[in-house]
Each structure stands twice: as C-alpha cells, then as structure tokens.
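Report on the structure given below.
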Amino acid sequence: MPELPEVETTRRGVEPHVVGRGIVEMRLYEKRLRWKVQEDLPDLVAGQFIRHAKRRAKYLLLELDSGTLMLHLGMSGSLRVLPADVPLLPHDHFDIILSSGNTLRFNDPRRFGSLHYITGDPEQHPLLAKLAPEPLEAAFNADYLWRVTRRRKVAIKQLLMNSQLVVGVGNIYASEALFKAKVRPKRQACNLTRQEVTRLVKAVKSVLSMAIKVGGTTLRDYVGADGQPGYFRQKLFVYERNKQPCRTCTTPVRQLTQGQRSTYYCPTCQK
DNA sequence: ATGGGCACCTGGCTGC
DNA sequence: TGCAGCCAGGTGCCCA
C-alpha cells in the first residue's frame with residue numbers, strides 16, 4: 001500500500017509520541033513477515049530510548065540509543081499509536097510499549113512488511129545501500145533524471161518505480177505524476193525530451209508533496225498513526241479511474257498493464 | 001548492465 | 001450459498 005507520502009504521514013504521526021520515550025517492552029506476535037524477524041529483537045530494544053523517527057525511501061527508521069529499528073509497511077501495513085491496553089486485532093504483529101503508556105502497534109494483513117534491528121550506519125544496510133536519492137531533495141532534479149534515462153529503454157512508468165533510480169514512487173503516484181507531466185506511461189525512458197524530463201521531475205515532487213499535505217492516499221487498508229485515512233484519493237486524476245472522464249478534458253481514462261501492475265492515463269492529455 | 005517475470009501473503013469482490 | 005478466479009499502496013531475486 002503505502003508509498004512515500006503514506007510512510008511520511010506515518011512518520012509524522014508517530015514522531016511526537018515516540019521521540020524521547022523509552023521502550024518498556026516489545027511484544028512480537030508474528031515473526032513471519034517479509035523476512036523473518038530476529039528472534040531476540042524484543043530483548044535487544046527493551047530499555048532503550050527512541051532518539052529520532054526518520055524515513056528513507058519507504059522505510060521508517062526509529063533510532064534508538066544503540067541501534068536502529070528499520071520498518072517497512074509493505075503493501076498493507078500500518079503503524080499506529082494506541083493506549084497499550086487496546087485489545088489486539090487480527091494481523092497485529094508487534095507492540096512496542098512506550099514509557100508513556102501508549103504502544104506502537106504494527107498491523108499488516110499480507111505480511112509483506114518487514115522489521116530489522118540494525119547496529120551501525122543504517123545507510124550501509126543492504127536494503128538501503130543501493131537506493132536512489134530522495135525525490136523531494138535537491139539531488140533528484142532534471143539533470144539527474146535526464147542522465148539516468150538516456151540509455152534506458154524501459155517504459156518511463158516502470159523506471160519511476162525502480163528504487164535504484166527514484167525512491168518512494170509507487171503505483172499510484174507513478175500514474176499521477178505522468179498525468180501531471182503529460183507523458184504517456186509506455187514511452188521509453190530514453191525517448192523523453194529534456195522538457196518532458198523537467199516536467200516529470202516537477203510533477204513527481206508536487207504530487208508527492210500534495211499527498212503528504214493531505215495525509216496520503218487511502219484506497220483500502222491504509223490509516224495514519226492516528227487511525228485516520230488519507231485524503232489524497234479525492235485528488236487522484238487517473239488512478240483507479242478507468243473509463244471515467246478525465247478531469248481535465250473528459251476523455252475516458254484508460255487502464256493498461258505494465259510489469260503486472262495497473263497503469264492509468266489519459267490518451268488525450270498525455271503524449 | 002538491463003529488463004522481465006515470479007514469489008511472498010491475505011482479504012475482498014465478481015461472476016458462475 | 002459456495003467457491004474459483006482475479007485484483008490490491010512493494011520489492012528482492014532469478015533468469016535470459
């Protein structure tokens with residue numbers, strides 16, 4: 001589910017509740033996530049304080065006194081702050097009981113999410129080491145995307161979803177950014193003009209920023225740390241709008257499949 | 001190096 | 001009502 005805006009929304013929601021708090025206890029109910037959770041992880045984090053709540057790509061990083069908890073929400077994960085005595089629901093996989101009396105509770109029906117405890121520099125972890133620059137930072141710019149697209153024949157939509165080239169852009173925002181940039185999703189990356197690349201960089205940044213501003217996109221399961229859904233769904237121009245009129249020109253939106261994922265676009269607005 | 005396809009999981013919806 | 005089939009905010013890995 002969650003793309004960068006949903007993860008960032010979760011980070012912001014969680015941050016004021018966790019930073020400066022101690023971990024009284026961690027309870028691990030299900031270690032079979034995307035990767036098996038280290039058996040003794042609860043023992044390792046108990047008693048530590050949470051110093052920072054950061055994000056890298058779609059990973060949440062909780063920096064503790066002597067290590068970092070690295071969490072990924074996968075397709076269906078959500079992390080909430082709740083009073084510790086709230087009863088468990090199906091697919092609640094762990095609790096991090098805080099000194100405030102609250103708990104950080106992770107729920108993930110599909111179990112594509114993950115949890116690691118890292119000592120040392122998180123950026124050196126194999127899952128983070130090869131990630132591209134953050135899309136909302138200055139390193140992701142027209143020069144960068146231009147250089148990276150020159151020799152690549154993949155469809156631009158699939159390139160946007162390649163985390164070695166651009167991070168944080170998933171299936172929703174790839175379609176939305178391409179609509180905003182007026183570029184057809186099937187275009188070969190190397191055939192984009194400099195002008196299109198420039199538009200695309202701006203579109204990615206603005207679509208992600210707007211989505212963060214309204215708390216992300218809720219389609220099915222996603223909720224922020226406070227349990228509230230995100231409101232970007234109301235601002236989607238093409239995603240999940242097959243056959244519905246384009247919000248700009250009224251042409252019916254089209255759906256196609258790329259790399260086993262659905263793509264949506266307007267055949268009139270996008271060239 | 002690049003690109004394509006599969007796998008990992010559960011739940012909700014559709015149509016027979 | 002039941003059930004098979006398909007689809008879903010991700011991404012690492014294996015193969016050509």
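Side chains are part of it too, since the values below use all heavy atoms of this structure and drop only hydrogens, waters and symmetry mates. So that the names make sense, note that chain A is the first sequence line, chain B the second, and so on, each numbered from 1.
For DNA chain C, if you chain together Watson-Crick or G-U pairs that step i with j, i+1 with j-1 and so on, the runs of at least three with distances under 3.5 Å are B:2-8 with C:10-16, B:10-16 with C:2-8.
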With a cut-off of 3.5 Å and sequence neighbours excluded, list every side-chain donor-acceptor pair involving residues 225-235 of chain A.
unit_1, atom_1, unit_2, atom_2, d
A:Asp226, OD1, A:Gln228, N, 3.0
A:Arg233, NH1, A:Leu219, O, 3.3

Under 3.5 Å, sequence neighbours excluded: what are the donor-acceptor pairs made by side chains of residues 264-271 of chain A?
unit_1, atom_1, unit_2, atom_2, d
A:Tyr264, OH, A:Gln255, NE2, 3.2
A:Thr268, OG1, A:Thr251, OG1, 2.8
A:Gln270, OE1, A:Cys266, N, 2.7
A:Gln270, NE2, A:Leu178, O, 3.3
A:Gln270, NE2, A:Val183, O, 2.8
A:Lys271, NZ, A:Thr268, O, 2.9

Residues 80-87 of chain A, side-chain donor-acceptor partners within the protein, below 3.5 Å, at least two apart:
none

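Salt bridge annotation for A:Glu196-A:Arg187: present, with a cationic side-chain nitrogen under 4.0 angstrom from a carboxylate oxygen. Using a cut-off of 4.0 Å between Lys/Arg side-chain N and Asp/Glu carboxylate O, A:Glu3 and A:Lys58 are scored as not salt-bridged. A:Glu25 and A:Arg27 are joined by a salt bridge, as a carboxylate oxygen and a charged side-chain nitrogen come within less than 4.0 angstrom of each other. A salt bridge links A:Glu8 with A:Arg11: the closest approach of a Lys/Arg side-chain nitrogen to an acidic carboxylate oxygen falls below 4.0 angstrom. A salt bridge between A:Glu134 and A:Arg56 is present, with a side-chain N of the basic residue lying under 4.0 Å from a carboxylate O of the acidic one.
For residues 201-213 of chain A, no pair satisfies salt bridge (charged side-chain N to carboxylate O under 4.0 Å, His left out), with sequence neighbours left out. For residues 155-175 of chain A, no residue pair satisfies the salt bridge (charged side-chain N to carboxylate O under 4.0 Å, His left out) rule, not counting sequence neighbours.
Of the residues in residues 255-265 of chain A, those lying under 4.0 Å from DNA chain C by heavy-atom distance are A:Arg261, A:Ser262. Taking every heavy atom of residues 103-125 of chain A and every atom of DNA chain B, pairs under 4.0 Å involve A:Pro109, A:Arg110, A:Arg111, A:Phe112, by number. Listed by residue number, the members of residues 147-164 of chain A with any heavy atom below 4.0 angstrom from DNA chain C form an empty set.
Side-chain contact between A:Val14 and A:Leu79: present, with at least one pair of heavy atoms (C-beta onward) separated by less than 4.5 Å. Side-chain contact between A:Asp95 and A:Leu104 is absent, with no heavy atoms from C-beta onward closer than 4.5 Å. No side-chain heavy atom of A:Tyr173 sits less than 4.5 Å from a side-chain heavy atom of A:Val204.
Here C:dG12 presents its P atom at 7 Å from NE2 of A:His72, a figure rounded to the nearest Å. Rounding to whole angstrom units, OH of residue A:Tyr173 and P of C:dA8 are separated by 16 Å. Rounded to whole Å, the distance from CG on A:Leu73 to P on C:dT11 is 10 Å. Here C:dT11 presents its C1' atom at 10 Å from CG of A:Leu127, a figure rounded to the nearest Å.
Exactly one residue among A:Gln38, A:Glu39, A:Arg32 makes a side chain to side chain contact (heavy atoms under 4.5 Å, CB included) with A:Lys36. That residue is A:Glu39.
A donor-acceptor pair under 3.5 Å is formed between the side chain of A:Glu176 and the backbone N or O of A:Phe237. The backbone N or O of A:Ala181 lies less than 3.5 Å from a partner atom in the side chain of A:Arg199, making a donor-acceptor pair.
Checked against side chain to side chain donor-acceptor pair (under 3.5 Å), A:Ser78 has no partners two or more places apart in sequence or in another chain.
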Just the atom pairs and distances: protein N or O near nucleotides 13-16 of chain C's N or O, under 3.5 Å.
none

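Atom name P, nucleotides C:dC7 and B:dG5: the rounded distance is 15 Å, in whole Å.
With rounding to the nearest 0.5 Å, the separation of CD in A:Gln188 from CG in A:Leu159 is 11.5 Å.
When DNA chain B is scanned 5' to 3' for any atom under 4.0 Å from a heavy atom of chain A, the first and last hits are B:dT2 to B:dG11.
Residue contacts shown for A:Phe232 are absent, as no nucleic acid heavy atom lies under 4.0 Å away.
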